[in-house]
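Just so we're clear, the structure is a prediction, and the values are computed from it rather than from any experiment. Counting begins at 1 with the first residue of the sequence.
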Amino acid sequence: MTKSADLHIHTYYSDGTMSPEEVVVDALHCGIHCIAITDHDTVDGISPAIEAARGHDLEVLPGIELSTEINGKDVHMLGYLFNWQDASLIGQLQKMQNARAERMKKMIQKLEALGIHDISFEEISGSAKTRALGRPHLAAALVEKKIVGNMRAAFDKFLAEGAPAYVPKFKQTPQEAIKFIKGLGGIVVLAHPMLTNADELIPALVEAGLGGLEAHYPNCSVNVMSFYENLARKHHLVITGGSDAHGAAKKHTFIGKVRIPYDLVEKLKQAVSD
Ligand code: AMP
Ligand code: ZN
Ligand code: FE
Ligand code: FE
């Protein structure tokens, strides 16, 4: 049997619901041989996942998903195989996490102005394990308090871009994210390009040092995936893929929904050492 990998997984250290230990158990159960923990703006899940996988036939790669913005477009960048224990990284992530906390306070104030008074910052930051507070945490609180019926309604009514409680997030450019991760010895992959809709930016990102495209993603047609595989080949980029599993926070996907052959992990490692 060929070895397989799922290189896009979130834990409860960002906006997923599973602990790193649960992620590892699930991955072993699915018969996957390699996973990457790719939380938003935090590396806290990496070490516990590596620990939990020790002694098992499961490799855990360090990863992260950074939100960037260019020309008004949201572009998610996946970093892999960087020095995740670097002190300057931890300091930089702390700043991003603080900015997320300040944003959460502003969104709660906006909800207050809309007459929703029973959501406090303390209860959200206290209940979530995450260091990277995001709109899904606030949406979950709105559902729990029965202010809306479900997460989708929370976004539609309050939190989606343009909705009354929306506050934009501080974001770096994709080029800055590439420089940051490459400076830590890692490689940067453009996350889910089929959702991002920014193909015209790819040549400039390649110029800036982009290393790969996430061509394999859930609920995506074979045609779309082979389009991005071909685009990756054209630009000499590594091809990756993953489930973007968030546990119960994203019901349409789960660990192992997308599996890529382990050869692609080897190519990713090769690209880092080149
Ligand atoms: P944030 O990083 O705080 O801006 O939150 C972004 C996350 O919110 C995304 O990763 C999605 O999981 C979720 N999200 C964004 N828009 C929607 C939406 N319209 N419905 C449900 N979830 C959404
Ligand atoms: Zn997420
Ligand atoms: Fe993403
Ligand atoms: Fe993701």
| Is any NZ, NE, NH1 or NH2 atom of the basic residue among Lys171 and Glu176 found under 4.0 Å from an Asp or Glu carboxylate oxygen of the other? | no
| message | Please evaluate residues Lys234 and Glu229 with respect to the criterion salt bridge (Lys or Arg N to Asp or Glu O under 4.0 Å), reporting the C-alpha separation (whole Å), side-chain torsions for both, the decisive distance (0.1 Å), and the verdict. | response | CA-CA 9 Å; Lys234 179 177 154 198; Glu229 285 182 309; over 6 Å; no
| task | Fit a plane to each ring of His40 and His76, take the angle between them on a 0 to 90° scale, and name the class: parallel (under 30°), tilted (30 to 60°) or perpendicular (over 60°). | result | perpendicular
Below 3.5 Å, can you tabulate the donor-acceptor pairs from side chains in residues 105-113 to any protein atom, sequence neighbours excluded?
residue, atom, partner, partner atom, Å
Lys105, NZ, Glu102, OE2, 3.3
Lys110, NZ, Tyr166, O, 3.2

| request: May I ask you to check whether Ser243 and Asp6 show a side-chain donor-acceptor distance below 3.5 Å? | output: yes
| field | Candidates Gln92, Met77, Met96 - the one meeting side-chain contact (heavy atoms from CB on, under 4.5 Å) with Gln172 | value | Met96
Got a list of side-chain donor-acceptor pairs under 3.5 Å for residues 197-208, not counting sequence neighbours?
residue, atom, partner, partner atom, Å
Asp199, OD1, Tyr228, OH, 3.0
Asp199, OD2, Tyr228, OH, 2.9
Glu200, OE2, Lys73, NZ, 2.9

| query | Salt bridge or not for Glu123 and Lys145, using N-O below 4.0 Å? | reply | yes
| said: Quick check: do His10 and Glu65 have side-chain heavy atoms less than 4.5 Å from each other? | reply: yes
| task | Identify whether the distance between the nearest side-chain nitrogen and carboxylate oxygen of Glu51 and Arg54 falls below 4.0 Å. | result | yes
| request: Measure the shortest side-chain to side-chain distance between Thr173 and Thr68 over non-hydrogen atoms and say whether it is less than 4.5 angstrom. | output: no
| Quick one: do the Asp15 and His137 side chains pair a donor with an acceptor below 3.5 Å? | no
| Is a salt bridge present between Arg152 and Asp156, judged by a nitrogen-to-oxygen distance below 4.0 Å? | yes
| remark: Looking only at heavy atoms, the pair that brings Phe121 and Leu133 closest together is CE1-CD1, 3.7 Å
| So which pairs with a foot in residues 32-47 pass salt bridge (Lys or Arg N to Asp or Glu O under 4.0 Å), sequence neighbours left out? | Asp41-Arg100, Asp44-Arg131
| request: Please check if any side-chain donor atom of Ser88 sits under 3.5 Å from a side-chain acceptor atom of Asp86, or the reverse. | output: yes
| message | Pair Leu190, Leu237 - check side chain to side chain contact (heavy atoms under 4.5 Å, CB included), show working. | response | CA-CA 10 Å; Leu190 178 61; Leu237 297 172; over 6 Å; no
| task | Rounded to the nearest 0.5 Å, what's the gap from OG1 on Thr240 to CD on Glu214? Could you check? | result | 5.0 Å
| task | To the nearest 0.5 Å, tell me how far Tyr80 OH sits from Leu268 CG. | result | 7.5 Å
